[in-house]
Amino acid sequence: MTYWIERWSQLRKKELMSYPNEFPIHDVYKTICTHEELKNGFDELHEIFAHCYEDILHDPADMMLPIYDMNEYGYFSKEARASREESYKYAKIIYVLGYSGELRQNGEICIRADKLKEQCKALKITNLGAFLNKLGNYGIMADGLVNGKIKSDTNITVSYPDNKNVMAALYVLSVKSNNIDSFKDFCRLDYRLFESDWNTKEYGIGVEAVSALFHSEQDRSAARLIHDELIKRNYCYNFQDWNEGPQIRYYKKESDRNRNTNADFWLTSMDTEFILYFRIKNMDKVIEYIKGCPESVIENFLISDNGCANRISGTCASGISYRLNGKTIWRCGCCNPNFQVTPSVRDYLYYINAVEIAGSKKQ
């Protein structure tokens, strides 16, 4: 992997939601076509998105996306940020095509050119004709442009000749996502968009806002157990959104939550992988407890890191050092909480207990 656009397009593909063979579809959408037809269109739309992201990974220049070298431009550079935004380009264009027009019975979406221009301007989509031409490689056809440009007072017709159900599914998903202001649900092709009516979102509440992206049922189960346990222990929480994915942060005090500081736990989707971050300031209080934990838990406390620049300069105030099983461990805590694990349903309680036994004050 060389370019930032590859890195972020890889994540976009991983974020495409897995879905069961059967899932509910609200009756309001069955006035458009049958349950089976919508499911069939959704399946194929999922394949289109996956192929598109795969092509970006293999040849981003051919896909007309920016190629900024990861070795030349740092994570926080404007070039890296631009690449991150551009990784949504094709999903964004398909999204606009879906919600800007009207679905006809023949499976075509008819869009007034003036409305399409207005929506493209709002989402900063330029050079639309060239991108529509590229979408033709995936079977999505657009007619009505003049020399590759949108001409005022005309209609643009979007179709998928190989399977008209694709346009029906696209129309439902994009209009629903636009109505509930949830573009990322559309990008991920979240099948749960079909579950309720055009203006209602009943999913993604609580821990599901993060755990739905995990690809392992065991990870989803562990996340639910952790969330429920922390709520039972009177933690309060809020939602965050990293570039790498959503997270929930848990606090002992509402004042800390309101200031977004001193979170004891972060339940995180890191590139769709489950990571539980937690913060321990006083290891002396918890070492004996850790020694009595299962080996799988102890091993996670035996992992040392190098620390960041603050440790090298001698100014680190957040890292901790301790000895366990004859080994000296350093854990950096400057940018993130100082411990990260992927807990199972069998061992998650040990980590929660360790944090509470250690207490909130550094020795």
Side-chain angles (χ1 to χ4, degrees), residues 1-18 45-97 119-138 140 177 182-190 209-210 212-215 239-247 266 268-275 277 305-310 332 334-337 340 342:
M1 186 176 297
T2 302
Y3 304 114
W4 279 112
I5 190 66
E6 296 170 325
R7 185 267 179 274
W8 296 117
S9 294
Q10 181 186 60
L11 178 55
R12 299 290 88 80
K13 183 180 178 183
K14 290 173 71 176
E15 285 181 334
L16 284 173
M17 294 272 291
S18 57
L45 189 62
H46 204 281
E47 291 183 14
I48 292 169
F49 272 54
H51 290 159
C52 185
Y53 289 132
E54 192 66 30
D55 287 344
I56 295 172
L57 283 168
H58 289 152
D59 194 347
D62 182 66
M63 296 294 284
M64 302 182 297
L65 295 177
I67 47 174
Y68 296 115
D69 196 308
M70 297 175 74
N71 293 318
E72 184 177 353
Y73 300 99
Y75 181 90
F76 296 103
S77 67
K78 66 179 181 180
E79 290 81 6
R81 294 196 304 272
S83 298
R84 191 163 55 244
E85 183 62 30
E86 286 293 283
S87 68
Y88 290 108
K89 174 71 78 174
Y90 285 91
K92 189 181 292 186
I93 291 170
I94 296 171
Y95 178 58
V96 169
L97 295 176
Q119 296 304 311
C120 287
K121 183 178 180 180
L123 292 177
K124 299 179 181 178
I125 297 172
T126 58
N127 199 18
L128 179 65
F131 285 104
L132 290 177
N133 186 58
K134 186 64 68 173
L135 284 175
N137 295 338
Y138 306 96
I140 298 176
S177 298
S182 192
F183 171 61
K184 284 191 175 179
D185 285 348
F186 175 81
C187 287
R188 296 165 179 161
L189 292 186
D190 193 328
V210 177
L213 289 178
F214 302 158
H215 298 284
F239 296 95
Q240 306 282 324
D241 200 9
W242 277 2
N243 297 323
E244 291 78 7
Q247 63 177 243
W266 298 1
T268 302
S269 172
M270 176 62 72
D271 282 16
T272 71
E273 301 295 329
F274 174 30
I275 298 181
Y277 291 84
D305 63 34
N306 295 324
C308 65
N310 291 336
C332 183
C334 294
C335 299
N336 303 323
Q340 311 96 51
T342 300

Carefully, step by step, assess E47 and H51 under the rule side chain to side chain donor-acceptor pair (under 3.5 Å). CA-CA 6 Å; E47 291 183 14; H51 290 159; 5.3 Å; no
Using the side chain to side chain contact (heavy atoms under 4.5 Å, CB included) rule, take T342 and E273 through it: C-alpha gap first, then chi angles, then the decisive distance, then the call. CA-CA 9 Å; T342 300; E273 301 295 329; over 6 Å; no
Please evaluate residues K184 and D190 with respect to the criterion salt bridge (charged side-chain N to carboxylate O under 4.0 Å, His left out), reporting the C-alpha separation (whole Å), side-chain torsions for both, the decisive distance (0.1 Å), and the verdict. CA-CA 9 Å; K184 284 191 175 179; D190 193 328; over 6 Å; no
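Residues satisfying the side chain to side chain donor-acceptor pair (under 3.5 Å) test with S87, not counting sequence neighbours, are R12. D185 meets the side chain to side chain donor-acceptor pair (under 3.5 Å) test with S182, K201, Y203; sequence neighbours excluded. Applying the side chain to side chain donor-acceptor pair (under 3.5 Å) test to Q10 and every residue at least two apart in sequence or in another chain returns nothing.
S9 places no side-chain N or O within 3.5 Å of a backbone atom of E6 that could act as its donor or acceptor partner. Looking at S269, its side chain never comes within 3.5 Å of a backbone N or O of V210 through a donor-acceptor pair. Formation of a donor-acceptor pair under 3.5 Å by the D69 side chain with backbone atoms of N71 is found in this model. Judged by distance alone, with hydrogens and angles left aside, the side-chain atoms of Y68 form no donor-acceptor pair with the main-chain N or O of A82 at under 3.5 Å. When atom types are taken as modelled, the side chain of K14 and the backbone of D271 share a donor-acceptor pair closer than 3.5 angstrom.
Annotation for C120 and L128: closest pair SG-CD2, 3.7 Å, computed over non-hydrogen atoms. The nearest pair of heavy atoms linking M64 to A130 is CE-O, 3.4 Å. In plain terms, the two heavy atoms of A209 and F239 that are nearest each other are CB-CE2, 3.8 Å. When all heavy atoms are compared, the tightest approach of F131 to L65 is CE2-CD2, 4.4 Å. Residue I56 comes nearest to Y90 through the heavy atom pair CD1-CD1, 4.2 Å, listed as atom of the first residue, atom of the second, then distance. Nearest heavy atom pair, residue L97 against residue L135, reads CD1-CD1, 4.4 Å.
For the atom pair CD1 (I94) and CD1 (I140), the distance works out to 4.0 Å, reported to the nearest 0.5 Å. Taking CE of M270 as the reference point, atom CG of L11 lies at 10.0 Å (rounded to 0.5 Å). One finds the SG atom of C187 at 13.0 Å from the CE atom of M17 (value rounded to the nearest 0.5 Å). Separating the CG atom in L189 from the OG atom in S18 is a distance of 12.0 Å, to the nearest 0.5 Å. Within the model, atoms CE of M70 and CD1 of I5 stand 11.5 Å from one another, a figure rounded to the nearest 0.5 Å. With rounding to the nearest 0.5 Å, the separation of CD1 in I67 from CD in E86 is 13.0 Å.
By the 30° and 60° cut-offs, the orientation of the rings of Y277 relative to W242 is perpendicular. Taking the six-membered ring where the residue is Trp, F186 and Y95 present tilted rings, their angle falling between 30° and 60°. Under the 30°/60° scheme for interplanar angles, the aromatic rings of W4 and W8 are found to lie parallel.
Two residues are said to be in side-chain contact when any heavy atoms from C-beta on lie closer than 4.5 Å; C52 and M63 meet this criterion. In this structure, K92 and E85 have side chains that are in contact, with non-hydrogen atoms separated by less than 4.5 Å. Side-chain contact between D62 and K134 is present, with heavy atoms from C-beta onward closer than 4.5 Å. Using a 4.5 Å heavy-atom threshold, the side chains of R188 and L213 count as touching. Using a 4.5 Å cut-off on side-chain heavy atoms (C-beta onward), N243 and Y75 make contact.
Aromatic pair F183/Y88: ring centres closer than 6.0 Å.
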